[in-house]
Amino acid sequence: MFEYLNRQLIARLEELEWPTETLQLSRPKKVENGDWSSNIAMTLARDLKRAPMQIAEELMEGMQLDSKIVEKYDILRPGFINFFQTSDYLTSQIRTILKAGDSYGRNAFGSGKTAQVEFVSANPTGPLTVGHGRQTVLGDTLANILTWSGYDVTREYYFNNAGRQMRLLGESLKARYFELKGELTLLPDGGYEGDYLIDIAKALLAEKPDLDETTEIDRFKEYAENSIFAIIKTSLERIGVKHDVFYNERSLYEDGKIDEVLELLKEKGLLYEKDGATWFKTSELGIEQDRVLVKSSGEPTYRLPDIAYHREKVARGFDLVVDIFGADHIDAYPDVLSALRVMGLKHEHIQVVIHQFVTLMRSGEIVKMSTRKANFVTLDELIDEVGADVVRYFYIMRSASSHLNFDLDLAKRQTDENPVFYLQYAHARILSIYRRAKERGLEADSDQADLSLLNEEFTVALINQVLEFPEVLDHCRRTLEVHHLPSYLYSLATALHKFYTEYKVIDLENPDLSKARLALLAAVQIALRNGLRVLGISAPEQM
RNA sequence: GCGCCCGUAGCUCAGUUGGAUAGAGCGCUUGCCUCCGGAGCAAGAGGCCACAGGUUCGAAUCCUGUCGGGCGUACCA
């Protein structure tokens, strides 16, 4: 319908030699305003210096519309053109959905193109926290959406195991190790206080009971890193996230990429030395102040490898690169992008998604967390408490740019108040109806069904709702906003429940209508199942 | 101070690139199960879309300013 109208309108506009750039088609909120609506007459009014109503009249007079698709159109003040689809066209779409099946909702926008989504990227200094959880699910869901848009997607985790923080981690483990041996030790200043390091120290002690003071810090560091990465990967696996690439920052040093960046920026005259450090003249690139790239200690700050890493991303030739950051990294990406620009590299294909913070609410109160004191709730604890499906849904049901209030009490409720169960129930309910239909000897044969019987108000509403699924996925892809999908699925479930309450699906007195309704439910189930799959949430057959 | 995000119903939040009478869930009031899963549905109440200007056929949406809240503004990542 959309494609058809779009094509016809463009053809007509060209015929009249009117501009086509402002052509838009949208779904009106009210059913009386039709199935698709265009505001083209109003947007042309200024250019043509004519009244919108007149423009609409003239435009539509010469339109040849297929009466099998378009039932009628209205022209309404101040100049909307509203199109109504025929019910045959509408119901025929059900067969299209059934035929598409598992691939209903997919599109070819990114076909033949590659995309990379970088997310999580937490350094292996501790377990993932509820804060990391948000971008973990955000990134994975976005990667799913890009996959459904045809992209060949690489999920990437970038980490740093060199640097000061990792050395501190090694020192902290060493302290814990000797503490377990009964020696008087102190955690280093700013060291890692979390209990997980005690567990790791115990494991190390059991494996290697005879380490002494002369053992190099690197032994401890490596042991801690491996142990923590194992914990992180287990957490990721528990919520269904699997990265394709774990990119180690260290390789950037080994391959000389760090030095190359310094060299390139130096050639551009954008580096200078001050107080023993190497500074990047970002102030010349429209950024407030200059940034240090190499500390006076000789160690680079995180910005330098970030730039080198992104230079590599560009070199790797992805058509689309998406970086997911928390709000606390907001300052980093303008530096990186401007560095790419001055190095003459393409950067327009790099999209940055910044998400705001997560607040856990329990019994109406904020759960206080402080990373410094190792007093944080881990992602694992959250999964233990509410389950992976709920975790995934709650993390993405709000816009990434808004703060997220994660209501633990609501998340734990296994009733319709919990949107996850509401959705899953809708899916299970359809399958239940199917089981019951089979028991009663009703064949759910959609080829035989007379779909023209599907013309009641809430039935039509349900069909239209199902048809929006591909549009919603495309909207998510365009905006890189995933929260539209859960809210769409929720309204699809509502439309289904409404339909179910109003009409009886299994009616042995009326087998033709029953078959038609069963065919519709099959289409709804496909949209629900596919939508839940993109969200990474299970679609249970019964609950 | 400066930069980014947010401010919509009592609470938590949606609101396609500006569109037609601003929506949902929770909470509150009230209905609907001899009948396919009541883990459901319906009705009611509840709004100066933070505030003030501007842009235009039209603004919750865009621009400017003000006021609130969050995050940054490190030779931490």
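In what follows, every chain begins at residue 1, and chains take the letters A, B, ... in the order their sequences are listed.
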**Message:** Can you check the distance between B/G18 and B/U55, where both ends of the measurement are the C1' atom (answer in whole Å)?
**Reply:** 11 Å

**Asked** C1' atom, B/G25 versus B/G19: distance in rounded Å?
**Response** 26 Å

**Prompt:** Picking from B/C36, B/C57, B/A77, which would you name as closest to the side chain of A/V505?
**Reply:** B/C36

**Request:** Would you please indicate if the ring centroids of A/H243 and A/F119 are separated by under 6.0 Å?
**Result:** yes

**Asked** For A/D74, which contact category applies under a 4.0 Å heavy-atom criterion: base, sugar-phosphate, or nothing?
**Response** nothing

**Prompt:** Any side-chain N or O of A/Q289 less than 4.0 Å from the OP1 or OP2 oxygen of B/G3?
**Reply:** no

**Message:** If I take atom NE2 in residue A/H475 and atom C1' in nucleotide B/U17, what distance separates them, rounded to the nearest angstrom?
**Reply:** 8 Å

**Prompt:** A/T494 and A/H497: side-chain donor and acceptor closer than 3.5 Å?
**Reply:** no

**Prompt:** When we call it a touch if two heavy atoms are under 4.0 Å apart, what does A/Y500 touch: a base, just sugar-phosphate, or nothing?
**Reply:** base

**Asked** Given the P atoms of B/U66 and B/G1, what is the spacing between them in whole Å?
**Response** 10 Å

**Message:** Is there a side-chain contact between A/Y333 and the phosphate of B/G3, meaning an N or O under 4.0 Å from OP1 or OP2?
**Reply:** no

**Asked** Separation of A/L473 atom CG from B/U16 atom P, in whole Å?
**Response** 17 Å

**Item:** Minimum-distance nucleotide (side-chain atoms of A/S402 versus B/G19, B/A14, B/U17)
**Value:** B/A14

**Prompt:** For A/H403 and B/G7, what is the distance between atoms NE2 and C1' respectively, to the nearest whole Å?
**Reply:** 11 Å

**Asked** Are A/Q542 and A/Y425 close enough that a side-chain donor and a side-chain acceptor fall under 3.5 Å?
**Response** no

**Request:** Answer with base, sugar-phosphate or nothing: what part of the nucleic acid does A/S432 contact at a heavy-atom distance below 4.0 Å?
**Result:** base

**Item:** Which nucleotide in B/C75, B/A14, B/C41 has an atom nearest any side-chain atom of A/A277
**Value:** B/C75

**Message:** Using whole Å, what does the distance between atom C1' of nucleotide B/U16 and atom CH2 of A/W36 come to?
**Reply:** 10 Å

**Message:** Does this structure show an ion pair linking A/E348 with A/R341, if we count only N-O contacts that are shorter than 4.0 Å?
**Reply:** no

**Item:** Short N-O contact, A/R7 and A/E3, less than 4.0 angstrom
**Value:** no

**Prompt:** What form does the base of B/C41 take, syn (within 90° of 0) or anti?
**Reply:** anti

**Prompt:** Contact class for A/D507 vs. all strands (heavy atom < 4.0 Å): base, sugar-phosphate, or nothing?
**Reply:** nothing

**Request:** Report yes if a donor N or O on one partner sits less than 3.5 Å from an acceptor N or O on the other, where the partners are the side chain of A/S37 and the base of B/A20; otherwise report no.
**Result:** yes

**Prompt:** Taking the side chain of A/P78 as heavy atoms from C-beta outward, which of B/C13, B/C6, B/G19 is closest to it?
**Reply:** B/G19

**Request:** Quote, to the nearest angstrom, the C1' distance that separates B/C51 from B/G69.
**Result:** 16 Å

**Message:** Heavy atoms only, 4.0 Å cut-off, all strands: where does A/K498 land among base, sugar-phosphate and nothing?
**Reply:** sugar-phosphate

**Message:** Measure CG/A/L492 against P/B/G25 and give the value in whole Å, please.
**Reply:** 15 Å

**Item:** Watson-Crick or G-U counterpart of B/C62, or none if no pair lies under 3.5 Å
**Value:** B/G54

**Message:** Please report whether the ring centroid of A/Y500 lies less than 6.0 Å from that of A/F458.
**Reply:** no

**Asked** Any chance the side chains of A/H403 and A/R398 put a donor and an acceptor closer than 3.5 Å?
**Response** no

**Request:** Look at the side-chain N and O atoms of A/S487 and state whether any lies under 4.0 Å from the OP1 or OP2 oxygen of B/A14.
**Result:** no

**Prompt:** Whole-Å distance between B/C36 C1' and A/K438 NZ?
**Reply:** 17 Å

**Message:** From CZ of A/F83 over to C1' of B/A20, roughly how many Å is that when rounded to an integer?
**Reply:** 16 Å

**Request:** Look at the side chain of A/M42 and decide which nucleotide, out of B/G19, B/A14, B/G38, has an atom nearest to it.
**Result:** B/G19

**Message:** Tell me whether the side-chain N or O atoms of A/H483 pair up with the base of B/A14 as donor and acceptor below 3.5 Å, since no angle test is needed here.
**Reply:** no

**Message:** What's the gap between B/U56 and B/C62 when it is taken at their C1' atoms, as a whole Å value?
**Reply:** 11 Å

**Prompt:** So, is A/H484 close to the B/G15 phosphate, meaning a side-chain N or O under 4.0 Å from OP1 or OP2?
**Reply:** yes

**Complete:** For B/G3, the nucleotide meeting Watson-Crick or G-U wobble distances (both under 3.5 Å) is B/C71

**Asked** B/A45 and B/U34: how far apart are their P atoms, nearest whole angstrom?
**Response** 29 Å

**Presence of A/Y434 side-chain N/O under 4.0 Å of B/C36 phosphate oxygens OP1/OP2** = no

**Fill in**
Comparing A/N405 with A/P300, nearest RNA chain B nucleotide closer to 5' gives the residue A/N405

**Prompt:** With a 4.0 Å cut-off on heavy atoms, is A/Y503 in touch with a base, just the backbone sugar-phosphate, or nothing at all?
**Reply:** base

**Asked** From the list B/A77, B/G3, B/C13, which nucleotide is the closest neighbour of the side chain of A/I330?
**Response** B/G3

**Message:** Taking atom types as they are modelled, would you say the side chain of A/D331 forms a donor-acceptor pair with the base of B/A74 within the 3.5 Å cutoff?
**Reply:** no

**Message:** Work out how far the P atom of B/C11 is from that of B/U16, and round it to whole angstrom.
**Reply:** 23 Å

**Request:** Could you tell me whether A/Y158 and A/F246 have their ring centroids closer than 6.0 angstrom?
**Result:** no

**Nucleotide forming a Watson-Crick or wobble pair with B/A42, both distances under 3.5 Å** = B/U30

**Request:** Measure centre to centre between the rings of A/H475 and A/Y488, then say whether the value is under 6.0 Å.
**Result:** no

**Asked** From B/C57, B/A14, B/C41, pick the nucleotide closest to the side chain of A/H497?
**Response** B/C41

**Request:** Kindly say if A/K29 contacts the phosphate of B/U16, meaning a side-chain N or O under 4.0 Å from OP1 or OP2.
**Result:** no

**Message:** Can you tell me how the ring of A/F406 sits relative to the ring of A/F394, calling it parallel under 30°, perpendicular over 60° and tilted otherwise?
**Reply:** tilted

**Asked** With distance as the sole criterion, do the side chain of A/S296 and the base of B/C75 form a donor-acceptor contact below 3.5 Å?
**Response** yes

**Message:** Distance check, P atoms only: B/U8 and B/C41, in whole angstrom units.
**Reply:** 27 Å

**Euclidean distance, atom CG of residue A/L423 to atom P of B/G25 [Å, nearest integer]** = 13 Å

**Item:** Side-chain donor/acceptor of A/N39 to base of B/G19, under 3.5 Å
**Value:** yes

**Asked** Using purine N1 to pyrimidine N3 plus N6-O4 or O6-N4 for Watson-Crick, or N1-O2 and O6-N3 for G-U wobble, both under 3.5 Å, which nucleotide pairs with B/A24?
**Response** B/U12

**Message:** Can you identify which nucleotide, out of B/A20, B/A77, B/A42, has its nearest atom closest to the A/N160 side chain?
**Reply:** B/A77

**Message:** Would A/Y490 count as stacking on B/A24 if stacking means ring centres less than 5.5 angstrom apart and planes tilted under 30 degrees?
**Reply:** no

**Request:** Describe the nucleic acid contact of A/R398 in one word from base, sugar-phosphate, nothing, applying a heavy-atom distance below 4.0 Å.
**Result:** base

**Request:** Would you mind telling me which residue lines up with the more 5' stretch of RNA chain B, A/E471 or A/P419, judged by nearest nucleotide?
**Result:** A/E471

**Request:** When you get a sec, tell me which of B/C36, B/A77, B/C41 is the closest nucleotide to the side chain of A/R440?
**Result:** B/C36

**Message:** Quick check for you: among B/G72, B/C5, B/C57, whose closest atom lies nearest to any side-chain atom of A/Q356?
**Reply:** B/C5

